[in-house]
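To keep things clear, I will list the structure first and then write my remarks on it.
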Amino acid sequence: MSEQPKETFVQTFKRNYLGGSFLSDVVTMLLAFVWAFILGAILMVVASPDIMAKAKYLFANPGDFFGAAWDKITTAYEALATGAFGSMSALGVTTAQAAPLIAAGLGVALCFRVGLFNIGGQGQAIWGCTFAAWVGFGLHLNAVIHVPLALLAGVAGGAAWGGIAGFLRAKFGANEVIVTIMLNYVASSLLAYLLLHQLGRPDRTDPIAPLVDRSAMLPSIPGTRFHLGFLIVLAAGVLVWWLLDHTKLGFQVRAVGGNSNAAATAGMSVPFTLTMTMVIGGALCGLAGSLLVITPNALGEPDALTPLLVGSIGFDAITVALLGRSKPLGTVLAGLLFGAMKAGALRMQGAAQTPGELASVIQAFIVMFVAAPALVRTITPFLATRRKAKAAKPVASVADSTDVPAIAEVSAA
Amino acid sequence: MVYPTETATAEPVDSGLSLRGMTTRFGALVANDSINLDIVPGRIHCLLGENGAGKSTLMNVLYGLLKADEGAVYIDGVEQHFRDSRDAIDAGIGMVHQHFMLIDVFTVAENIVLGREPGKFGLLNTGSARQQVRELSERYHLDVNPDAVVEDLPVGVQQRVESLKALCNDAKYLIFDEPTAVLTPQETDELMGIMRALRDEGHAIVFITHKLHEVRAVADDITVIRRGRVVGQATQDMTEAELAEMMVGRSVSLRVDKDPAVPGEVRLEVEGLRVSDPTGAVVVNGVSFEVCSGEILCVAGVQGNGQTELASALLGLIPILGGTVKLGGKDTTKANTRTTLQSGMGYVPEDRQKDGMISELTIAENLVLDQIDEYASFGRLDLGGLGRNAEALVSEFDVRTPSVDLPASSLSGGNQQKLVLARELSRPLQVLVASQPTRGVDVGAIEFLHKRIVAERDKGTAVLIVSTELDEVENLADRIAVMYRGKVVGIVPPSTPRDVIGLMMAGTPYPEACASCGVAVDEEVTV
């Protein structure tokens with residue numbers, strides 16, 4: 001019988017949230033953002049010919065340069081923030097931009113958890129928007145049926161496309177990175193073909209599909225861009241969380257992702273788990289694609305299906321999932337962040353004449369710094385001195401050696 | 001019992017390596033606590049302690065891989081300051097790691113010159129590298145082929161490469177960290193010979209281990225560490241039981257008290273089993289045996305004679321070429337893993353990290369890995385039931401952890417093995433198959449695991465143990481099946497002399513082995 005004391009609730013809470021490691025991680029993540037914005041500020045100054053002209057006589061009249069630089073930076077970031085959160089309508093744009101990113105991010109994150117790299121978000125989203133669009137303009141039904149049917153069609157399309165890669169990986173060991181990337185090409189080529197020959201508008205020769213019927217569009221708050229799709233993806237986030245932590249399939253996903261050998265030895269079917277996960281991941285990316293065609297754009301109209309509508313959502317989804325550490329809550333928050341940046345970027349471009357790509361660059365910096373906390377700690381002055389004191393931390397993981405001391409011995413000692 | 005006290009005085013030794021007051025902390029955990037140690041050239045110094053005692057941490061500090069919080073290292077009376085392992089190597093300290101630091105796809109020569117590659121202007125001079133290896137090989141009598149690719153070499157030879165790597169940096173102080181964990185008995189003897197030869201040449205050897213018989217075989221000095229502190233010095237004339245008591249802190253029985261077996265009906269029937277490995281070679285070549293309820297059959301043999309594949313094939317992890325397996329009367333030859341498990345087979349895999357548990361998942365989740373259906377209804381998990389099950393098992397099997405919701409990686413090796421066994425024994429079993437059940441496990445936990453296995457046998461379960469440790473086989477077996485090159489050489493009683501079993505492990509059939517050893521043949525043995 002064991003006589004060691006069991007951990008109390010307070011001790012568990014302290015260990016999980018107030019332990020040095022958690023706080024330090026949060027601080028490091030916040031600093032990652034700070035550094036990304038600092039680098040972005042430097043970039044926008046350097047990219048502006050007016051301000052760089054003032055740098056030429058920096059030593060004669062530094063106030064000019066620094067004044068202009070400061071002006072530009074504050075105008076730009078103020079515009080970014082206002083464009084993202086500054087008003088109800090800004091928030092609407094943020095949620096509208098975030099919704100597809102959250103959905104696709106969840107799709108990629110779920111696959112990461114099982115150990116698969118789903119690079120096929122592009123292709124899965126393409127089938128999502130294609131099927132949803134086709135149901136949207138090809139059928140004419142009552143809204144009560146039309147909307148769910150369009151969504152379902154998109155989800156099914158993405159699920160099937162993801163399932164192909166999952167099946168090939170499960171049955172034949174085909175590397176899912178290669179298969180999903182190739183399937184992306186197939187999907188985008190098929191879409192171009194369909195738009196030119198089957199689904200295109202009769203009055204135009206360029207590849208563009210008709211707009212979906214009003215009855216197929218997701219309900220939204222008039223005058224804003226808040227739409228039901230945002231709530232749907234939030235529900236999807238809850239669903240993914242519930243799946244992972246509360247269902248047998250989720251248990252198998254985490255087991256196979258953690259150690260597929262041990263999962264197989266325990267009798268789990270690794271092929272089944274891999275395939276199901278790609279199907280669900282594909283379904284989520286398909287949902288993302290559907291949202292692109294059945295939600296209102298800035299003019300209140302649905303966007304038409306074109307080869308470029310999907311944009312780079314499949315790849316953005318990967319960065320969202322990475323930033324969110326493949327956890328459901330993290331992915332939702334990361335998707336919101338990226339949606340906010342997209343929403344603010346337009347305004348920033350207009351108000352401060354910064355290049356449109358700057359927002360993407362800052363996003364990239366954020367992901368880079370979040371992915372390399374050690375880098376952040378090194379370049380941040382006050383964290384660097386703490387790093388020296390922590391030099392007793394081993395270079396290799398302590399858990400590698402069989403000498404990992406049982407934690408109970410700490411409380412006993 | 002009064003232990004001999006530390007002989008390390010306050011002053012560091014004039015000639016040799018001294019550690020004074022070494023203290024290293026990881027957060028609240030004190031891994032090393034004011035450790036004093038003297039390592040003198042020309043002697044083999046054994047560092048003895050359980051898993052988790054702090055031996056590897058101490059050596060990592062010495063080798064510059066970790067920074068101690070307090071304490072100093074002296075070489076020949078002069079205090080040293082190591083910023084990284086480079087400094088330690090320059091000071092003459094070499095380390096042969098427990099988990100080899102070799103690059104599998106490189107040749108021996110490339111591995112040995114790693115970090116000091118000979119050559120000009122960025123061009124690698126391979127001829128010079130191979131020459132260096134040949135010279136070192138001869139000088140230290142460590143035979144290796146410089147052009148062999150490391151991943152093709154047997155583990156014992158890989159270790160020689162590790163040793164050469166340390167020696168080629170002119171190491172005066174050689175640290176061997178648990179080197180025998182991966183070696184066969186013969187390879188272990190060879191290694192001990194190498195250590196003695198190096199000692200006689202004037203090197204100082206530090207030998208970290210938790211295996212008592214090795215310590216008694218080769219040590220000149222013995223320091224026992226427990227929970228980060230030096231317990232005392234031991235001497236070679238102490239018995240294994242006394243050494244074990246010093247290591248663990250209480251008296252440990254090294255032999256299991258076992259009632260005679262009362263075998264019942266046949267539970268596991270293997271007939272003409274043939275299994276091949278991934279390259280296609282037949283590694284189990286017509287093996288037949290039976291295990292009855294209430295008895296323990298041990299499969300003994302040197303690693304690599306088909307035992308690993310035998311165990312995997314019984315569970316359905318690898319396909320069976322020929323023959324049959326019957327579990328409780330039911331033919332499971334073609335059954336998949338899940339069906340076999342559900343038919344009542346418990347399975348403790350040889351490599352718990354790779355096949356037995358999932359480090360990221362919690363202890364509670366690992367405890368139901370192969371029984372998840374019991375805790376799921378309509379796909380929904382019963383988390384409360386999972387937790388209660390975990391609490392009960394952790395308590396029953398004395399798994400040391402403050403919480404069952406911690407990841408399984410937080411457990412020490414012995415506790416991880418207890419977790420795997422606890423899981424398998426927590427459901428009704430016809431047969432328990434356990435492969436190397438105490439590999440990498442310390443003395444205290446071994447005692448517990450052996451007791452539990454015998455208790456399971458007494459409950460009526462048929463137990464099949466595959467083990468390369470003869471001590472364990474003798475301790476547990478009611479019958480011993482010796483395997484060599486994929487065949488069962490013979491099935492003998494545990495009273496059979498060790499020498500006879502040793503010869504059988506090398507392929508000699510039972511009657512000849514008995515004749516060689518001058519022992520009477522046991523008429524009851526059917527080969």
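Numbered from 1 within each chain, the chains take letters A, B, ... in sequence-line order.
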(Q) Is any side-chain heavy atom of A:R254 closer than 4.5 Å to one of B:I358? (A) no

Q: Mind ranking A:D245, A:L243, A:N259 by heavy-atom pairs under 4.5 Å with chain B and telling me who comes out on top?
A: A:N259

(Q) Ignoring hydrogens, what is the shortest heavy-atom contact between B:M357 and A:A262? Give both atom names and the distance. (A) O-CB, 3.6 Å

Q) Is it true that atom CZ of A:F117 has more than 12 heavy atoms of other residues, nucleotides or ligands lying nearer than 6.0 Å? A) no

**Q.** Approximate separation, where rounding is to 0.5 Å, of B:L383 CG and A:F251 CZ
**A.** 10.0 Å

**Q.** Under 4.5 Å from any heavy atom of chain A - which part of B:E365
**A.** both

Q. Within a radius of less than 6.0 Å around CZ of B:R452, do more than 12 heavy atoms belonging to other residues, nucleotides or ligands occur?
A. yes

Q) B:L369 versus chain A, heavy atoms under 4.5 Å apart: side chain, backbone, both or neither? A) both

Q.
Would B:R380 and A:W242 count as a side-chain contact (heavy atoms from CB on, under 4.5 Å) here? Give the steps.
A. CA-CA 9 Å; B:R380 208 174 144 271; A:W242 183 79; 3.8 Å; yes

**Q.** Between CG on residue A:L249 and CD1 on residue B:I372, distance to nearest 0.5 Å
**A.** 11.5 Å

Q | Selection from B:D355, B:D33, B:D373, B:D370 maximising heavy-atom pairs under 4.5 Å formed with chain A | A | B:D355

Q.
Under the criterion side-chain contact (heavy atoms from CB on, under 4.5 Å), I'd like the reasoning laid out for B:K354 against A:T265: C-alpha separation, chi angles, the key distance, then a yes or no.
A. CA-CA 10 Å; B:K354 180 167 153 277; A:T265 307; over 6 Å; no

Q) Should we count CZ of B:R427 as having more than 12 external heavy atoms under 6.0 Å? A) yes

